Amino acid sequence: MIIFMYRIAVTNRNLCRGDFLSHVRELAKGSEYQAILLREKDMTETEYRVLAEQVLTICSRYGKKCILHNFVRAAEDLGHPCLHLPLPVWEETEKSRLKTFSEIGTSVHSLEQAKKAVSLGASYITAGHIYTTDCKRGLPPRGLSFLREICTEVSIPVYGIGGINRKNEELVTGQGAAGVCIMSGAMV
């Protein structure tokens, strides 16, 4: 039996071997990931906007969903409807600016944050980190019971993030998650 798994590839140019845009093109061409979250935290907004325009062109060409990250103005300038905001950025952003987006997601690290995201009108949340990951080196993972609690307590889609790979992704969706976010496995 084949079970559909909604996978979001989370980008990090610094993990990518070879040309980043060529790698994004391969991700967009394939069927392994249904969406690409362009999460380049080390860029200025101007740099991010230039890269986002290129990635949006690639995603559009291959019919792949692209989610922009953090930079509201860049997403506005590009007229892109999907945005992922860190919760503190969302709370600091003027509400009227966010009305142009049809989908806004955020990352949460506690049940309190998950409920806050729902109250703000989040379309979805990413919850983590679930497993040990180099991205959160030295921080203990929150684990599957944390994810199960989030999935049980909120009525919007929840995607597990952090240390997720092909070997453990079904354990993640088994907790009620709508899917998984994969960075390291998607970037190498």
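Predicted model, so just to flag it, every value in this text is computed and none were measured.
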Exercise. Excluding sequence neighbours, so at least two apart, what forms salt bridge (Lys or Arg N to Asp or Glu O under 4.0 Å) with R142?
Worked result: none
Exercise. Hey, what do you get for OG1 (T173) to CD1 (I164), rounding to the nearest 0.5 Å?
Worked result: 9.5 Å
Seminar exercise, completed: Residues at least two apart in sequence or cross-chain that pass salt bridge (Lys or Arg N to Asp or Glu O under 4.0 Å) with R13, listed by chain then number, are E40, D42
For this session: Report yes if the side chains of L37 and C181 come closer than 4.5 Å at any heavy-atom pair, otherwise no.
Result: no
Problem set entry | Least distance between heavy atoms, A35 atom then I67 atom | CB-CD1, 4.4 Å
Seminar exercise, completed: Here the pair of heavy atoms bringing A186 nearest to A9 is CB-CB, 3.8 Å
For this session: Mind jotting down which residue pairs meet the ring-ring contact (aromatic ring centres under 6.0 Å, His included) criterion with at least one end in residues 150-188? Sequence neighbours excluded, please.
Result: Y6-Y159, Y124-Y159
For this session: Tell me, please, which residues at least two apart from E32 pass side-chain hydrogen bond (donor to acceptor under 3.5 Å, both in side chains).
Result: R166
Exercise. Can you tell me if H129 uses its side chain to pair, donor with acceptor, with the backbone of L139 under 3.5 Å?
Worked result: yes
Seminar exercise, completed: Hits for salt bridge (Lys or Arg N to Asp or Glu O under 4.0 Å) against R61, two or more places apart or cross-chain, chain-then-number order -> none
For this session: Scan residues 178-188 for pairs that pass salt bridge (charged side-chain N to carboxylate O under 4.0 Å, His left out), counting only residues two or more places apart or in two chains.
Result: none
Exercise. Can you find a heavy atom in the side chain of T132 that is under 4.5 Å from one in the side chain of P141?
Worked result: yes
Exercise. Donor-acceptor pair, S123 side chain versus I104 backbone, under 3.5 Å?
Worked result: yes
For this session: Kindly compute the distance separating SG (C59) from NZ (K29), expressed to the nearest 0.5 Å.
Result: 13.5 Å
For this session: Rounded to the nearest 0.5 Å, what's the gap from CZ on R39 to CD1 on I8? Could you check?
Result: 12.0 Å
Exercise. So which heavy atom on K64 is nearest to which on G30, and how close?
Worked result: NZ-O, 2.7 Å
Problem set entry | Distance, nearest 0.5 Å, that separates CG of L85 from NE2 of H69 | 8.0 Å
Exercise. Does some side-chain heavy atom of L87 sit less than 4.5 Å from a side-chain heavy atom of L120?
Worked result: yes
Exercise. What is the distance from atom OH of Y131 to atom CD1 of I161, rounded to the nearest 0.5 Å?
Worked result: 14.0 Å
Determine all donor-acceptor pairs shorter than 3.5 Å in which one atom belongs to a side chain in residues 144-158; sequence neighbours excluded.
{"from": "R148", "atom 1": "NH1", "to": "Q175", "atom 2": "OE1", "distance (Å)": "2.2"}
{"from": "T152", "atom 1": "OG1", "to": "R148", "atom 2": "O", "distance (Å)": "2.8"}

Exercise. What's the shortest heavy-atom distance between N168 and G163, and which atoms?
Worked result: ND2-O, 3.1 Å
For this session: Can you run down the ring-ring contact (aromatic ring centres under 6.0 Å, His included) pairs that involve residues 101-122, sequence neighbours left out, and say none if there aren't any?
Result: none
For this session: Apply side-chain hydrogen bond (donor to acceptor under 3.5 Å, both in side chains) to E94 and list each qualifying residue two or more places apart in sequence or on a separate chain.
Result: S96
Problem set entry | Partners passing side-chain hydrogen bond (donor to acceptor under 3.5 Å, both in side chains) against K65 (at least two apart in sequence or in another chain) | E103
Seminar exercise, completed: Residues at least two apart in sequence or cross-chain that pass salt bridge (Lys or Arg N to Asp or Glu O under 4.0 Å) with E76, listed by chain then number, are R97
Seminar exercise, completed: Distance col, row I125:CD1 vs K116:NZ, nearest 0.5 angstrom, shows 14.0 Å
Exercise. What's the shortest heavy-atom distance between L15 and S184, and which atoms?
Worked result: CD1-OG, 4.0 Å
For this session: Please assess H84 against S107 for the test side-chain contact (heavy atoms from CB on, under 4.5 Å), listing each intermediate value before the final yes or no.
Result: CA-CA 8 Å; H84 187 97; S107 303; 2.8 Å; yes
Problem set entry | Step-by-step side-chain contact (heavy atoms from CB on, under 4.5 Å) determination, I36 to Y62 | CA-CA 12 Å; I36 297 173; Y62 295 103; over 6 Å; no
Problem set entry | Check against side-chain contact (heavy atoms from CB on, under 4.5 Å), R7 and I182 | CA-CA 7 Å; R7 292 183 191 95; I182 299 175; 4.3 Å; yes
Exercise. Given side chains that start at C-beta, do those of N70 and K41 come closer than 4.5 Å, heavy atoms only?
Worked result: no
Problem set entry | Pairs where residues 44-54 contributes a residue and the test side-chain hydrogen bond (donor to acceptor under 3.5 Å, both in side chains) is met, not counting sequence neighbours | T44-E47
For this session: Please name the pair of heavy atoms, one in L38 and one in L51, separated by the smallest distance, quoted to 0.1 Å.
Result: CD1-CD2, 4.1 Å
